[in-house]
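Per chain, numbering begins at 1; letters A, B, ... match sequence-line order.
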Protein chains: 2
Amino acid sequence: MSLAHAEGGVCLPKGFLAAGVASGIKRSGGLDLALIVSEIQAACAGVFTTNLAAAAPVLVSRERTKSGIGRGVVVNSGCANACTGRKGYQHALDMAAVAAKATKAPPNQMLVCSTGLIGSYLPMDKVLLGATKAAAALADDDEKAMKAIMTTDTRPKRTAYSHSSGWSIGGIAKGSGMIAPNMATMLAFITTDACVPAADLQAALGRVTKTTFNAVSVDGDTSTNDTVLAFANGASGATPSAKAFREALRIVCSELAEMIVLDGEGSEKIVRIKVVGATGARQAERAARTVAESLLVKTAIYGGDANWGRVAAALGRSGAVFELSRLTITMCNEKVFANGEPGAPQAIARARAAMKQADIAIVCDLRAGKGAAQMLTTEMTPEYVNLNAEYEV
Amino acid sequence: MSLAHAEGGVCLPKGFLAAGVASGIKRSGGLDLALIVSEIQAACAGVFTTNLAAAAPVLVSRERTKSGIGRGVVVNSGCANACTGRKGYQHALDMAAVAAKATKAPPNQMLVCSTGLIGSYLPMDKVLLGATKAAAALADDDEKAMKAIMTTDTRPKRTAYSHSSGWSIGGIAKGSGMIAPNMATMLAFITTDACVPAADLQAALGRVTKTTFNAVSVDGDTSTNDTVLAFANGASGATPSAKAFREALRIVCSELAEMIVLDGEGSEKIVRIKVVGATGARQAERAARTVAESLLVKTAIYGGDANWGRVAAALGRSGAVFELSRLTITMCNEKVFANGEPGAPQAIARARAAMKQADIAIVCDLRAGKGAAQMLTTEMTPEYVNLNAEYEV
């Protein structure tokens, strides 16, 4: 029994169709409206932003996933429909209703997501026509869907796996800037044709997102629209064990999360911050997150500087408990700080040389306990600032 | 009885001398070692970084201020003497000892501060010679001292006030980048010739720093070296009321804090984030801080974009409790978001036009209670990233 990487994304599992169209929301005229639909009823689960300013589509989808039954999701890019009040809420309902009608799905089983500018209203005439057009274009191919959910992404993101016992799992995602703890402007859609009861699907998704989508950070801003949805339609007839399914889900989510970090706005490096020896998992996570979000650490990495002092300073203000005299930091496998003392000059020089790599590992051993955690992040670049200063779709 | 702004800084109060010399720590050959000394015994108080990776000089000065008696402080820039282990701790002790000896101060009454690169050892031969040279140069003039404590600062910072009842208060400060909650790479030295008992001085300083130095943020990184020291030598013979003294101290600290924000690395704007209507002061502070530290808010301000959506998103993830449908945000006095709905297009257009100003006010009314707080910050610029990627002294 084994899991093998396969071509495709959400349409690899049987019984799922997808479409992506240009509805005119994006000024560029690019693809901006996607549909993913199961041909038969499916179990569904969702994990949503914890931001109190959650967008209208989040409110609608969060409510609907509670039933555990879903047929599909309609997604637009270019406008987040966030901070849009009562009118925006009605827009999200209308967008889902038209998509449900066009795909002949039960009205309450159509979920809805948006991503893009906060504070703008959806151009509903375009959205409704687009949803109808997308329904007519549904096919066994997610090529256009994965492009239609992109905003500042430089490339589409998907992955899929087949299990030797006959079921498969696949996913598509979008996200580049604003990627942060608790999933910032990040959308991911996972489909599987395995038989997975809704409660199990929700439990697995909740658990897996913690160490995948929620463990990446580009700039610390948690978005109003973050959503991860999973659909399981059982079309393969196979029923994997909870553990086997969770492991497959973890691999898919982990790969998508890594693609999102690698596509961080303006960035070229992936930085893996690992904290071990914390007094507990939560302390480890807090410490790793503080380092991952430190602007000084991230600008140093951009500058190719093995600046362990900034890492130590970030750990020191993270709230994690440790003694400086026990702290050890390695950067690119070089011990740059050991037991509260600077590392050997040769080690620091080697670390500095290694900082040119595209994949940088920083390991912080607090030697205060057994808690461990890892965060993925990127360097901070002047391009990031320019992109976000001029952000328009 | 009134307080009037006066020329000068730490040397305006009677009995205080200062000096600044070039000791050779900075490669540039610039001023890098300062002394501030009271000619007579003085009460002293200090507020220090809460970073667990506190630098050696912080450990020494924190211990010594506990006695409430201090004669002065020796300060170097160019090297933070942080994360330098046992050797660095000895360096801080030695630096203070030489300064005490050269100024004939009791050894335990000389405090010590450092600012600059983390993780480097102090060049002690230069530091010790410099301290001796500075002691010989002590004079009733802080012009060179205020320059010798600068790192990436673009201008020196000082202010002073005279009280009509005969006492005065003055201060100098350094700080630009890394300025953050709980005082990042920020040094400030306050002197007064009023009679203020050590316990009262400590109480006043602790209280005043909360709403001044601790309420500014440039990039969220709390430094290993932040220190605010106050000395009161009673040389004027005047004893102000606790309230009058605290108010004068607040004005001095507030002006210095504002100068620090205005000197934020690469920035040209001062942004005042005010949160009102929170369920309590702590919630208000948390909300204001999250907005002040949001990269997306700060890049939008750099781009001249009145992006209230990003402000709402930051409030939403801050942990402060409120209902989006009650939230109102004004930017530059324009109501851009009211009761959970976008403001009138004309108001948003006026706010956008007003974002060109150098002084930008953002007021967020959560309408959940009576808690209020304010934070000062700056916009985020590509120059900030470049400066911190290439930081060398």
Intermediate values then yes/no, side-chain contact (heavy atoms from CB on, under 4.5 Å), A:L295 and B:L295: CA-CA 10 Å; A:L295 279 182; B:L295 279 183; 3.8 Å; yes
Contacts of type salt bridge (Lys or Arg N to Asp or Glu O under 4.0 Å), residue A:R326, not counting sequence neighbours: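 Checked A:R326 against salt bridge (Lys or Arg N to Asp or Glu O under 4.0 Å); zero matches.
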Heavy-atom contact with chain A under 4.5 Å, split by part of B:V321: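 For B:V321, backbone heavy atoms alone lie under 4.5 Å from chain A.
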Spacing of SG belonging to A:C83 relative to CD1 belonging to B:I329, to within rounding of 0.5 Å: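 Here the rounded value is 7.0 Å.
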Interatomic spacing from CD1 in A:I118 to CZ in B:R310 - rounded to 0.5 Å: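 Rounded to the nearest 0.5 Å, the CD1-CZ separation comes out at 7.5 Å.
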Check whether [X] gets within reach of chain B through its side chain, its backbone, both or neither, counting any heavy atom under 4.5 Å.
| X | answer |
| --- | --- |
| A:A80 | neither |
| A:Y121 | side chain |
| A:A320 | backbone |

More than 12 heavy atoms from other groups under 6.0 Å of CD on B:E323: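 It does not: B:E323 CD has 12 such atoms or fewer within range.
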Greater than 12 external heavy atoms within 6.0 Å of A:K269's NZ: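 It does: A:K269 NZ has more than 12 such atoms within range.
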What heavy-atom pair brings [X] and [Y] nearest, and what distance separates the two atoms?
| X | Y | result |
| --- | --- | --- |
| B:P342 | A:G119 | CG-O, 4.2 Å |
| B:A312 | A:N51 | O-OD1, 4.4 Å |
| A:E341 | B:T84 | OE1-O, 3.7 Å |

Residues that A:F337 engages under ring pair (Phe, Tyr, Trp, His ring centres under 6.0 Å), provided they are two or more places apart: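 Expected list: A:W308.
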